[in-house]
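Lettering follows sequence order; numbering is per chain, from 1. Please read these numbers as outputs of a predicted model, since none were measured by experiment.
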Number of protein chains: 2
Amino acid sequence: MATQPSEGDGEEPTDVERRNADVCTVVGAVEAVGSKWKLIVLNDLRGGEKRFNELKRSTGASSYTLSRVLDGLETEGFVENRKELASPVASYYSLTEKGGDLCPVFDALDEWGTDWLE
Amino acid sequence: MATQPSEGDGEEPTDVERRNADVCTVVGAVEAVGSKWKLIVLNDLRGGEKRFNELKRSTGASSYTLSRVLDGLETEGFVENRKELASPVASYYSLTEKGGDLCPVFDALDEWGTDWLE
DNA sequence: CGGCATCCTTGGAGATACTG
DNA sequence: CAGTATCTCCAAGGATGCCG
């Protein structure tokens with residue numbers, strides 16, 4: 001999408017528009033999941049379904065934070081929730097397809113981390 | 001709270017250590033570069049050397065923010081800075097090897113974004 | 001041009017306590 | 001067990017101004 005000066009407008013599209021046209025996907029992705037906790041939780045769910053307190057323990061997030069992060073991830077379609085209303089309620093979280101498709105990102109991060117973090 | 005009556009040695013490593021041992025690389029990577037601006041700036045530098053105000057325009061960060069982000073990235077070894085002390089000072093930023101090795105991450109993000117963000 | 005210093009607002013996130 | 005409700009604290013980050 002070249003920003004062709006199509007109409008007589010003659011107006012350079014300016015920063016914002018250029019940015020949007022320019023770098024949408026990565027920046028979009030970063031803004032969608034570019035928060036520490038979201039990434040950590042998503043990565044943690046690659047192992048498969050987990051329940052709330054499991055996630056809490058393995059990620060180290062507080063109930064409060066975890067709850068909100070999961071909430072966000074769910075409404076954004078990254079994870080889905082399955083509840084078992086048995087005796088003591090049990091709710092399980094897992095990646096949706098959209099969330100699972102982030103795996104390559106985590107693989108890349110993992111590989112990078114292996115090279116540079118130890 | 002759980003100062004476990006440890007038998008012998010404090011072998012229970014406590015949450016923090018468990019976490020570190022568990023998920024080091026990805027979480028480490030996320031904690032190293034897992035901030036919105038760092039990711040955006042790094043991604044922006046994939047195109048090659050850029051100067052301060054260029055980055056400012058293309059990323060949309062304020063001088064203040066950009067300055068601090070670049071500062072961090074530089075001391076952490078992700079980018080390097082080259083200054084030309086000519087007339088009006090010009091300083092160029094580019095990825096180091098460490099930073100460049102993050103490209104696969106951005107490629108993955110880009111691909112993901114292409115699939116899910118449009 | 002590059003980039004600190006300063007002020008100020010916001011929200012991210014921990015600790016704690018409470019409910020279904 | 002799985003959350004929600006507060007309260008609080010601090011860092012992130014925008015706006016603005018100044019200066020080499």
Asker: How would you list, by chain and number, every residue that makes a salt bridge (Lys or Arg N to Asp or Glu O under 4.0 Å) with B:Glu97, sequence neighbours excluded?
Answerer: none
Asker: Atom NZ of B:Lys50 to atom C1' of C:dG2: distance rounded to whole Å?
Answerer: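 Checked: the NZ to C1' distance equals 16 Å.
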Asker: The criterion is salt bridge (Lys or Arg N to Asp or Glu O under 4.0 Å); which residues satisfy it with A:Lys50, sequence neighbours excluded?
Answerer: A:Asp44
Asker: If I take atom NZ in residue B:Lys36 and atom C1' in nucleotide C:dG12, what distance separates them, rounded to the nearest angstrom?
Answerer: 14 Å
Asker: In the hydrophobic clustering (ILVMFWY, side-chain contacts below 4.5 Å, transitive), which residues join B:Leu85, or is it alone?
Answerer: B:Val89
Asker: Apply salt bridge (Lys or Arg N to Asp or Glu O under 4.0 Å) to B:Lys38 and list each qualifying residue two or more places apart in sequence or on a separate chain.
Answerer: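 Counting only residues at least two positions away or on another chain, B:Lys38 forms a salt bridge (Lys or Arg N to Asp or Glu O under 4.0 Å) with B:Glu76.
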Asker: Name the atoms and distances for all side-chain donor-acceptor pairs under 3.5 Å in residues 101-108 of chain B, with sequence neighbours left out.
Answerer:
from     : atom 1 : to       : atom 2 : distance (Å)
B:Asp101 : OD2    : A:Trp116 : NE1    : 3.2
B:Asp107 : OD1    : B:Arg46  : NH2    : 2.5

Asker: Could you pull out all residues at least two apart from B:Ser62 that satisfy side chain to side chain donor-acceptor pair (under 3.5 Å)?
Answerer: B:Thr65
Asker: For DNA chain D, which residues in residues 61-74 of chain B have a heavy atom at a distance below 4.0 Å?
Answerer: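 Going residue by residue through residues 61-74 of chain B, the ones with a heavy atom under 4.0 Å of DNA chain D turn out to be B:Ser62, B:Tyr64, B:Thr65.
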Asker: Quick one: how far along DNA chain D does chain B reach, first to last nucleotide 5' to 3', anything under 4.0 Å to a heavy atom?
Answerer: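 Result: D:dG13 to D:dA15.
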Asker: Which residues, ordered by chain and number, are linked to A:Tyr64 in its hydrophobic cluster, where ILVMFWY side chains connect at heavy-atom gaps below 4.5 Å, directly or through other members?
Answerer: none
Asker: Please name all residues satisfying ring-ring contact (aromatic ring centres under 6.0 Å, His included) with B:Tyr93, sequence neighbours left out, ordered by chain then number.
Answerer: none
Asker: Salt bridge (Lys or Arg N to Asp or Glu O under 4.0 Å) with A:Lys36: which residues, sequence neighbours excluded?
Answerer: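 If we apply the salt bridge (Lys or Arg N to Asp or Glu O under 4.0 Å) test to A:Lys36, skipping adjacent residues, the hits are B:Glu31.
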Asker: Taking five pairs at each end, how big is the angle between the two axes of the helix from C:dC1-D:dG20 to C:dG20-D:dC1, to 10°?
Answerer: 50°
